[in-house]
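Here's the structure, in structure tokens; my notes come after.
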Amino acid sequence: MSKIVVLPHDQLLPEGAVVDAKSGESICEVLLRHDIEIEHACEMSCACTTCHVIIREGYDSLPEADELEEDYLDKAWGLEPESRLSCQAKVADEDLVVEIPKYTINHARE
């Protein structure tokens, strides 16, 4: 079992968190299971960018993003080279450090 360290986020998680993750689970599934309310407007179907996260440590342990995820990532707010959609990034056997960006482009929530 791996650990995901979620860095502090002003609104969602001011103190940050460390949670357990099973290999093969998406980062989004793990966070939601631990009551971390990351946005996921498309219900984890890879049709938006609201669950965008930045992998600060452990990025190379994740399976590569497919073309559809890459296309959506191009639209994400605050895109960085280590950005992933948390609904598509499956946890492997390595611990991760994840940052949830301050903003999303979720027009329904704004």
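By convention here, the first residue in the shown sequence is residue 1.
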With a sphere of 6.0 Å drawn around CG of Asp66, does it hold more than 12 non-hydrogen atoms of other residues, nucleotides or ligands? yes

With a 4.5 Å cut-off on side-chain heavy-atom distances among I, L, V, M, F, W and Y, is there a chain of contacts connecting Ile27 to Tyr72? no

Pair Glu29, Lys22 - check salt bridge (Lys or Arg N to Asp or Glu O under 4.0 Å), show working. CA-CA 10 Å; Glu29 290 169 327; Lys22 299 173 193 162; over 6 Å; no

Can you tell me how far the CE atom of Met44 sits from the SG atom of Cys28, to the nearest 0.5 Å? 5.0 Å

Donor-acceptor check, side chain of Ser2 to backbone of Ser23, threshold 3.5 angstrom: yes or no? no

Single-linkage hydrophobic cluster, 4.5 Å side-chain cutoff, Val91 and Val53 together: yes

Within one Ile-Leu-Val-Met-Phe-Trp-Tyr cluster: Leu12 and Val19, side-chain cutoff 4.5 Å: yes

Between CG on residue Asp35 and CG on residue Leu13, distance to nearest 0.5 Å: 10.5 Å

Just how far is it from atom CG of Leu32 to atom SG of Cys51, taken to the nearest 0.5 Å? 9.0 Å

What are the two closest non-hydrogen atoms of Asp10 and Pro14, and how far apart are they? O-CG, 3.6 Å

Distance-only, no hydrogens or angles: does the His52 side chain make a donor-acceptor pair with backbone N or O of Ser83 under 3.5 Å? no

Tell me, do Leu62 and Leu96 make a side-chain contact under 4.5 Å, heavy atoms counted? yes

Counting C-beta onward and ignoring hydrogens, is there a side-chain heavy-atom pair between Ile4 and Asp95 closer than 4.5 Å? no

Residues which pass side-chain contact (heavy atoms from CB on, under 4.5 Å) with Glu94, listed by chain and number, not counting sequence neighbours: Ser61

Has Asp93 got more than 12 heavy atoms of other residues, nucleotides or ligands less than 6.0 Å from its CG? no

May I ask whether Leu85 and Ile54 are part of the same hydrophobic cluster, defined by side-chain heavy atoms of I, L, V, M, F, W, Y residues being less than 4.5 angstrom apart, directly or through others? no

Could you grab the distance from atom CG of Asp74 to atom CD of Glu69, nearest 0.5 Å is fine? 11.0 Å

Any sub-3.5 Å donor-acceptor pair from His9's side-chain atoms to Glu99's backbone N or O? no

What is the distance from atom CG of Leu31 to atom SG of Cys87, rounded to the nearest 0.5 Å? 11.5 Å

Ignoring hydrogens, what is the shortest heavy-atom contact between Ser86 and Ser26? Give both atom names and the distance. O-CB, 3.4 Å

Could you tell me whether a side-chain N or O of Gln88 sits under 3.5 Å from a main-chain N or O of Ala65, the two making a donor and an acceptor? no

From Arg56 CZ over to Glu82 CD, what is the distance, rounded to the nearest 0.5 angstrom? 7.0 Å

Do Ile38 and Val97 sit in one hydrophobic cluster, given that two such residues count as connected whenever their side-chain heavy atoms are within less than 4.5 Å of each other, even indirectly? no

